[in-house]
Amino acid sequence: RKNNINKTLTIFLLTHLVVWTLIPSFSNTNLPLDTIEALAWGNSLDWGYSKHPPLSAWAVEIFYQIFGSQDWAYYFLSQLFVVFSFFIVWKFSEDFFKNKIYSLMSVLLLEGIYFFNYTTPEFNVYVCQLPFRALTVYYCWQSLKNNNTINWVLFGLCGALGFLSHYLFLYLLVALAVFFLIIFMKGKKFNLKYLIPCIVFILALAPHLIWLNENNYVTFTYALHRTGIEESNFLNHLFYPLIFLGKQIGILTPFFVMLLLVIYKFKKKFNLKDKKLLFLLTINIVPIILMFLTSMLMGVKIRTMWMTPFYLFFGVLLIYIFQSQINLSKLKGFISVFLVLFIFSPFAYAYVSITETDKRTDYPGKEIAKIVENEWITKYPNKKINIVGDDEWHAGNLSYHLKSRPKVLVFHFFPKEEIYVPRLNSDLKIFKCDKLTGACPFLCPNKSCVPFEINNVKFQIHIHPIDQ
């Protein structure tokens, strides 16, 4: 039976990997926005970028060096991060369940949360967090269980890598700090090995912290701007938290439908002396409470995608709480709903991708790159395009599709001034004209400006090599 469960898990992980790699590869014309942005940043390796810490950009750059501009590779990268996270959740759950069917259910339940299927083709900072969140929790638990020095080191390292993926990873780290504080208050003993992950974490983050200081903490400025904090008013402190809660209920509804099909009663007394239960509650519930409090106290909106990694261990928590009330004879209903969701999600994604024709993934990036390259070769046959501008999307697509793989220099946004300020000059800049009016930013008065049209959308390219 154990071998059958292991086979089922393997089949599930491989199927998820293949399906969610192939579907967007065939249905999308262009890579999604966040993936193109990461590729644009990764082309100039650094310890941070204008919007986010560096790890997502490093990941796609490694794949670009191997696969080049093959779209399927970045969908594959995203699914590698997802299925590896699922596998770590499985390994983690083995310490919590004697019956391996519960470990399997805790992973299969995640298919009921669209963060782990429908949104995963877009490799971004939220998907990038997933394996490091899983590993941080896993090595934290292993460290507490075995007090092994290597596990303590890996706990600190994975925590740092998670933080270098996205700053909201801090909410998990605060939750873990709360758990350690509870342990200390109960036992009144301080294990010196608690310091190991702290030291490793700080050492691993040091280069990024130096970069932040040298770049005026630009990523924090962007993060605060995304919350809409500049427009905060009293009602936001009430409405935004309620909207946040409503969205979480909607997102988790399929998850709970699957769970309800196998639970025959909901009578459960919480034993907070149970260390395993306390740990699961801490890593799952405390970060969500912190997000709710952030919204309520600061009056800011929590964007839906920010919650992507927060529910990774939700299946383990709920199965652990209700394992004595689970009726395994009702597994057929559970599996049926799982299969419906597992099949429906990729079909829904493909349908939307094919029928809606005005999305980022419909952008004719390859065609535009060919037009740009032909114009450049006509004017400068012996020169390479080294730098393009001026935004992550249009210039980023050029960088990705052009053979010379030029670096991308973008306008930096300063919310207080509400203007974009160019950082450096570039060989070539591309601008999209207004789709409705056709109005373009310039009149193209000279030979360096080339207008063109593709799919009824007008563009302008301004060609002027830096060394000329």
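If you read the sequence from its start, that first residue is 1, and numbering goes on from there.
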Backbone of Ile387 reached by a side-chain donor or acceptor of Asp427 within 3.5 Å: yes
Hey, do the aromatic rings of Phe132 and Phe169 have their centres closer than 6.0 Å? no
Donor-acceptor pair, side chain of Asn124 and main chain of Val127, under 3.5 angstrom: yes
With no hydrogens and no angle check, just 3.5 Å: does a side-chain donor-acceptor pair link Asn28 and Asp71? no
Are side-chain N/O atoms of Thr120 and Gln79 paired as donor and acceptor at under 3.5 Å? yes
If we only count heavy atoms from C-beta on, is the Leu261 to Val337 side-chain gap below 4.5 Å? yes
In this structure, is the centre-to-centre distance between the rings of His52 and Tyr167 below 6.0 Å? no
Using the ring pair (Phe, Tyr, Trp, His ring centres under 6.0 Å) criterion, which residues pair with Tyr118? Sequence neighbours excluded. Tyr349
Indicate yes or no: at least one non-hydrogen side-chain atom of Ile288 is less than 4.5 angstrom from one of Met307. yes
Check the pair Trp47, Leu212 against side-chain contact (heavy atoms from CB on, under 4.5 Å), reporting the backbone distance first and the verdict last. CA-CA 8 Å; Trp47 278 98; Leu212 276 174; over 6 Å; no
Please confirm whether Phe452 and Phe459 have ring centers closer than 6.0 angstrom. yes
Spell out, as yes or no, whether a donor-acceptor pair under 3.5 Å connects the side chain of Lys407 to the backbone of Asn43. yes
Side-chain (Thr136) to main-chain (Phe155) donor-acceptor, under 3.5 angstrom: no
Restricting to salt bridge (charged side-chain N to carboxylate O under 4.0 Å, His left out), what partner residues turn up for Lys379, sequence neighbours left out? none
Looking at Arg133 and Pro309, would you say the former's side chain and the latter's main chain have a donor-acceptor pair under 3.5 Å? yes
Quick one: does His462's side chain have a donor or acceptor within less than 3.5 Å of a partner on Lys429's backbone? no
Inspect the surroundings of CG in Asn374 and state if more than 12 heavy atoms from other residues, nucleotides or ligands are less than 6.0 Å away. yes
Report yes if the side chains of Tyr171 and Trp306 come closer than 4.5 Å at any heavy-atom pair, otherwise no. no
Heavy-atom pair of closest approach, residues Val450 and Ile463: CG2-CD1, 4.4 Å
For the backbone of Val300 and the side chain of Asn236, can you confirm whether one donor and one acceptor N or O come within less than 3.5 Å of each other? no
NZ (Lys359) with more than 12 external heavy atoms under 6.0 Å: yes
Sort and list the pairs that fulfil side chain to side chain donor-acceptor pair (under 3.5 Å) and have at least one residue in residues 336-346, not counting sequence neighbours. none
Any heavy-atom pair between the side chains of Leu164 and Pro54 that's under 4.5 Å? yes
Does any part of the side chain of Phe201, heavy atoms only, come nearer than 4.5 Å to the side chain of Leu173, both counted from C-beta? yes
Close side-chain approach of Phe116 to Leu130, heavy-atom, < 4.5 Å: yes
Taking salt bridge (charged side-chain N to carboxylate O under 4.0 Å, His left out) as the cut-off, I'd like each qualifying pair that reaches into residues 49-70, sequence neighbours left out, listed once. Glu37-Lys51, Glu61-Arg405
One should read off an interatomic distance between Thr361 OG1 and Leu31 CG, to the nearest 0.5 angstrom, of 9.5 Å
Taking the side chain as every heavy atom from C-beta outward, state whether Met305 and Thr119 have any atom pair closer than 4.5 Å. yes
Side-chain donor/acceptor of Asn397 to backbone N/O of Gly365, under 3.5 Å: no
Just do the side-chain contact (heavy atoms from CB on, under 4.5 Å) check on Ser295 and Ile302 with the steps written out, would you? CA-CA 7 Å; Ser295 182; Ile302 305 300; 3.8 Å; yes
Who passes side-chain hydrogen bond (donor to acceptor under 3.5 Å, both in side chains) against Thr304, sequence neighbours left out? Lys247
Counting distance only, does the side-chain N/O of Tyr49 pair as donor-acceptor with the main-chain N or O of Asp46 below 3.5 Å? yes
Applying ring pair (Phe, Tyr, Trp, His ring centres under 6.0 Å), can you list everything that pairs with Tyr400, at least two apart in sequence or on another chain? Tyr74
Is the shortest heavy-atom distance from the side chain of Leu108 to the side chain of Ile335 under 4.5 Å? yes
Examine Phe431 together with His394 and report whether their ring centres are nearer than 6.0 Å. no
Would the distance check show the side chain of Ser165 and the main-chain N or O of Leu161 forming a donor-acceptor pair, the cut-off being under 3.5 Å? yes
Phe84 and Phe87 aromatic ring geometry - parallel, tilted or perpendicular at 30°/60° bounds: tilted
The single option from Phe63, Trp20, Phe67, Phe26 passing ring pair (Phe, Tyr, Trp, His ring centres under 6.0 Å) against Trp72: Phe67
So how far is it from Ser103 OG to Phe92 CZ, rounded to the nearest 0.5 Å? 10.5 Å
With rounding to the nearest 0.5 Å, note down the distance linking CD1 in Ile23 to OH in Tyr351. 15.0 Å
Tyr311 versus Gln248, side-chain donor and acceptor atoms under 3.5 Å: yes
Would you check, one step at a time, whether the test side-chain contact (heavy atoms from CB on, under 4.5 Å) holds for Ile461 with Glu375? CA-CA 9 Å; Ile461 49 175; Glu375 290 290 342; 4.1 Å; yes
Start with the C-alpha distance between Phe342 and Phe12, add both sets of side-chain angles, then the distance that settles ring-ring contact (aromatic ring centres under 6.0 Å, His included), and finish with yes or no. CA-CA 10 Å; Phe342 191 68; Phe12 162 65; 5.8 Å; yes
Between atom SG of Cys140 and atom CG of Leu135, what is the distance when rounded to the nearest 0.5 Å? 12.5 Å
Say you draw a straight line from CG of Leu109 to CG of Leu252; how long is it, rounded to the nearest 0.5 Å? 11.0 Å
State the CZ-CD distance between Phe338 and Glu111, to the nearest 0.5 angstrom. 5.5 Å
